[in-house]
Structure formats: structure tokens, C-alpha cells
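Below is one structure, written out as C-alpha cells; comments come after it.
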Amino acid sequence: MSLKEQYPITLYNTLTKSKEKFEPIHPDRVGMYVCGPTVYSDVHLGNVRTFMSFDMIYRYLLYIGYKVRYVRNITDVGHLENDADEGEDKIAKKARLEQLEPMEIVQHYTNGFHDVLKQFNLLPPSIEPSATGHIMEQIEMVQDLLDKGLAYEVNGSVYFDVTKYDEKHSYGKLSGRKIEEMMESGRMLDSQDEKRNKIDFAIWKKASPSHIMRWNSPWGEGFPGWHLECTVMSTKYLGETFDIHGGGMDLLFPHHECEIAQSVASTGKDPVKYWLHTNMLTVNGQKMSKSLGNSFLPQELFAGEHELLDRGYSAMVVRFFNLQSHYSSTLDFSNEALTAAEKGYKRLMEGYRIATGLSYQAGTVDTEFEAKIKQNIGELFENMSDDFNSAKTLAVLFELTTTMNNFKAGNNQVGQLSEATFNELIKHYTGFITDVLGLKEEQEGNQQLVSGVVEMLIKLRNDAKAAKNYALTDKIRDDLKALGVSLKDGKEGTEYTID
RNA sequence: GGCGCUGUGGCCGAGUGGCUAGGCAGAGGUCUGCAAAACCUUCUACAGCGGUUCGAAUCCGCUCAGCGCCUCCA
């Protein structure tokens, strides 16, 4: 029995508002689409949280044996600025400000995005399509929606006719909205006179003369609407229906709602089986966002150069911090929480280091101990299969970390486990830390040289200690400590860790 | 105004009907020349009120507090 059969996944589907058993459309294969960034500015830490959460999900699917096609787009056309009628494209606007080619902007921020994700140890997706690379397909879909009578053209712009769509289908089922209510309440912006109804949305927008990102289309020069690129690219690479569509909660409405409408209107099929939404990173209980001014960039985080930060924190500490909460809960940022996470992360990685250094030696098997370890291994999978509960998984990993420490301290012997169980323990304990949760050791510099020098100093210190020259002994330890190298005297000799 | 979410011990955060995660911090102990680490033990919870139930942090209702979406946003 394969792992994915042994530990079937259940996940919370935003569409049905309930936890469901995960059954991919094609056995063994999973198609997953996640809305990527709009590359007109640097991604901040809140953005990163979502991508980190889906990276963890992607990694777990792979770990238990699924073949996954993971598509995460780059939105490089830019979304419409505030009022649709302004016809302002964020990337075009930025380009004019900075006197650069639009694609230069796009490339710059795409590179930055990739650099950031690499530092947080995210796996690259299988396909990373860009909106500008799929203009033809978007034009085709606009035409298709016009042909089907569910869109209309006004002055070179094309709008999706939500009211008409809702006659046969139901608009708003993902976000729990009803169009009658949306029609009467909410803000009506007077300038949206091109639209027949205020809830209609643009799928193609005419470019104003000053608009530099533009393409030819049957309706004149323009650019595609915001929601269209995800529909087009997910359909192209994953098919008309696919398994998982993810994104941040703030995309639920209108973005994902519109995606459903576009797909259903075009293909007649519901595009997505399971909708997954990650929750927001908050600061003092408020969503981290650029407009609120409470966001900061990963670089600022690492360097500790931001008024919200007491000091710098590493990428892996933040990744660990993120994994301590469930992806669907808000996570509140604070210096205290990050400091606590840093210590926890170090403790876990010390356990990882011990695990990689252990080798099996036969002994007397302790059946009770053996049973407990087997149970813990099972819990790793059960917790991750339960809606990707990384927080519970970490709790089990910490229990196993205590076991690792006990092996090291000699409180337990590896021989108390059967060889098979020992091997499973090491395989999955380290596998969950690195492959599933994506945590890794952070060490910089010339490790060989550093370890050689430190080992030499430890030897000198031990000589001094044997001679009871404690003044020198302590001086070596204190001076190393000042450089970030901590010495720990144990029964088996002195060990060191680098902060 | 509409739709939805949250409120857990000093802090962060799991948990969804009985078996009281975990991390950080605190207390005591073991080890140690001292220290650190590690190990063992240990303290402090479920916003308030009412209801359902043999039994609720967990289900239902109300109240209070906070948040998200409805406009670009992960």
C-alpha cells in the first residue's frame, strides 16, 4: 500500500465550506494552480506566506507519492488600477515613472521574486506561465465569451455580463454572495458608465493613447482584464477541470469568483474541484499590506532594518514560524514570536543533525519504545494528511527531537528499536524536516576552515582544562562566543554550534 | 449595510464532545570546575452569559471585543 493510500488526505474546500476527502480527478496525479504575484513591486513578507504554505502542500503531495503539475503564474500585464474605467495598467504606470520598458520592470521584479523564494527554500513550480505570454489565448477566450453571448463590447472594451451569466449559472457560490444584494448595496462608482451593471467586470480593456502595454485585438488595441489570465493559463496547462486551485484569502472575491464564472461560461464545467485559501499574515491583528504601511520586505527582515523589527531574522526562522500555525489561520507577527521561533528552529535542527549522524547498532528491542516511535511516525503522516496541519506535525517532530537528544545523551540506545523501525524513524524524521517542511540548515562561509579552526581551539582548551587553567579555558570559550561560536561540554567531549 | 472569520495559559500557537499538542518564557532537579546544551519534574487556559448533553474549549443562542472581503492586494 502506498503512502497516499495509507494516509488519505482530507482538505478544507472553500467552495463547499467543509473538509473533504481528497480524490484527484486522475489517480496518482494532481493538478494544482496557485495565483502568483503581480510583478510591479517587491513581494513583501505577507505575500511570501501564501507561497510558502503552498510550497509545503506541494512538497507533501510529492512526498507521499503523487505526481504533481504545479502551475503558478506571473501576472505581468498588471491589474486594472482602482476604477476599471481609468484603464490604467499598474505595470505601464510604473514604467512611465521609472522611464523603463514595461518588460524591464517585469523582469526586474520577477527576478526579485525568484531570489526571495529561493532564500525561503521554495521549490520552483512545474510551470510558471506569464500573462503576457498568453495574450493570444486570452483574446480567444474573450471572443469565445462574446460568441456565447455572455460578454459585450463597448468602445473597444469587453465586459463579462454577470447578470446574464447568473440566469443559468450561479455567480457568487464561492464567496457566498448573491448578485441582487451586490447590485443594491456596496459602492457604486459613477464613472463605470460603460458597464451595463456595476457587477460586470472587464475581460478586455481598451488602451488609452498613453498606455504603453498594448496588444492588437478584434476590438482594437488594448490589454486583457485582470481575472482572465488565470482562467486561460490554468485551463491551458491543467485542463478544463483540475484538482486544486489556491491563493490568498483576499483573492477569493472577486478574483476567484470571476475565474469560475469565466470558466463555466466558456467550457460549461466547474474548473476546480478543491479551492484552498491561505490566511493573512497580520501585524498587531491587522493584515500586512502595502497600503496600510505595515508591510516589510524580506531583505528588511533579514537585516532587521525596519521600524517593526528589533533585529534581523533568517529566512528559515520565518519559514519555521509560518509552519507553526495552520495555513488557514491568520498568523500574527511579532518580535517575541519570531525570537521564540528562532530557538525552536535551532532545537529542531540540532535534532536533525543528531539524526543524520546516527547509525544502527543491534541491542535489546524495547517493545513499548518501539511502539511509541512507530506511532509517532504514523502521526507525522496523519497530521499532514489532515488538511496539511504543519503545526501538529511540528509537535510530533519535537517529540522525536527529544528522542534524538536521548539517543545522543545515552538515555536511549538505538538498539532499543528494531533495525527496520530505526531506519524508518531516521528516514521520515529527516524527510519531514527537509523534504516536506522545507527546512534546512543555515550555515555560511567556509565550513571546513571554520570547523578545523574551532576544533583546534577546542583541543587547546581541553589541554588548558586538564591543567586546570580555567582562566584560559573560559577565555577561549568567551572569545569564541563573542564570534558566535558556542561551546558545549558533554560526556563525549566538546561540541560547538554556530549561531 | 451585505457576506464571512476569530477570541485558548506570561507570549506564540494546535485542538473541535470525554484521553487537557508543541515551541518560547518561568520554577525545581540531574549532569558540569563554572557555564551552555541536554534530560527529568512542574505551574499558569479555553472572552462573558445562557442552553443542549451523563459529559463542552469543542455543538446552539445571545452579548462583548477584534479582524477580513465587498476597491489593487498573497
Side-chain angles (χ1 to χ4, degrees), chain A residues 14 17 34-38 40-41 43-54 78-84 88 90 172 175-178 180-182 184-187 189 199 226 246-255 257 277-282 284-292 295 320-321 324-326 328-334 336-348 350 354 379 383 386 389-399 401-402 404-406 408-412 465 468 470 473-474 477-478 481 486-491 495-497:
Chain A
T14 316
K17 291 194 185 357
V34 172
C35 290
T38 309
Y40 62 83
S41 63
V43 285
H44 67 245
L45 201 67
N47 304 129
V48 173
R49 186 187 181 204
T50 289
F51 302 122
M52 234 169 0
S53 295
F54 282 107
H79 297 174
L80 299 179
E81 185 97 343
N82 295 322
D83 291 1
E88 182 80 85
K90 279 192 173 169
S175 55
R177 279 154 222 258
K178 293 187 169 51
E180 311 85 64
E181 288 166 1
M182 284 188 281
E184 54 196 52
S185 64
R187 274 158 274 193
L189 302 156
I199 54 173
W226 168 31
M249 278 218 172
D250 48 358
L251 294 181
L252 209 148
F253 188 88
H255 186 57
E257 200 69 75
H277 287 95
T278 55
N279 218 320
M280 300 293 107
L281 182 66
T282 60
N284 295 322
Q286 273 200 317
K287 174 181 175 180
M288 179 182 283
S289 78
K290 228 179 154 183
S291 49
L292 287 171
S295 68
F320 176 89
F321 173 62
Q324 274 188 306
S325 75
H326 193 255
S328 66
S329 302
T330 54
L331 176 62
D332 199 58
F333 168 89
S334 71
E336 297 73 32
L338 273 185
T339 300
E342 187 171 66
K343 294 194 177 175
Y345 163 74
K346 283 184 176 169
R347 179 173 154 85
L348 184 67
E350 183 58 32
I354 294 167
E379 283 168 347
N383 290 331
D386 181 12
N389 197 324
S390 56
K392 274 177 101 173
T393 304
L394 271 176
V396 178
L397 285 172
F398 273 107
E399 282 189 40
T401 298
T402 298
M404 294 303 159
N405 283 323
N406 278 324
K408 185 186 166 194
N411 299 333
N412 284 111
K465 196 154 89 172
K468 297 204 189 266
Y470 294 124
T473 307
D474 289 346
R477 185 173 62 197
D478 294 344
K481 179 75 187 171
S486 305
L487 299 187
K488 294 162 194 171
D489 293 337
K491 277 181 184 161
E495 296 187 357
Y496 71 93
T497 55

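Here is the naming used below: chain letters follow the sequence lines, and residue numbers restart at 1 for every chain. Source: prediction; values computed, not measured.
Close to B:rC69, at under 4.0 Å from its OP1 or OP2, lies a side-chain N or O of A:K287. Dashed line: the shortest gap from a side-chain N or O of A:N406 to OP1 or OP2 of B:rC39 is not under 4.0 Å.
Side chains of A:P254 and A:M182 form no contact here, defined as non-hydrogen atoms less than 4.5 Å apart.
The base of B:rC24 lies outside donor-acceptor range of the side chain of A:R347, with no N or O pair under 3.5 Å. Between the side chain of A:N47 and the base of B:rA74, a donor-acceptor pair under 3.5 Å is found. With hydrogens and angles ignored, no donor-acceptor pair closer than 3.5 Å exists between the side chain of A:N279 and the base of B:rC5. Residue A:R477 places no side-chain atom within donor-acceptor reach of the base of B:rA36, judged by atom type and a 3.5 Å distance cut-off alone.
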Encode nucleotides 13-19 of chain B as B, S and - characters from 5' to 3', where the letter depends on protein heavy atoms closer than 4.0 Å: B to the base, S only to sugar-phosphate, - to neither. SSS----
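Among the atoms of the strands shown, only primed sugar atoms or phosphate atoms (P, OP1, OP2) are found under 4.0 Å from some heavy atom of A:N411. Using a 4.0 Å heavy-atom criterion, one finds that A:A337 contacts the sugar-phosphate atoms exclusively.
Between A:E495 and A:K408 there is a salt bridge, since a side-chain N of the basic residue sits under 4.0 Å from a carboxylate O of the acidic one.
Remark: the A:K287 side chain and the A:T282 side chain contain no N/O donor-acceptor pair separated by less than 3.5 Å.
Remark: P of B:rG68 and CG of A:L252 are 16 Å apart, rounded to the nearest angstrom. Rounded to an integer number of Å, the gap from A:D489 CG to B:rC39 P is 18 Å.
For A:T402, whose side chain is taken as the heavy atoms from C-beta onward, the closest listed nucleotide among B:rA74, B:rC39, B:rC72 is B:rC39. Proximity note for A:A409 (side chain, C-beta onward) versus B:rC69, B:rA25, B:rA38: the nearest is B:rA38.
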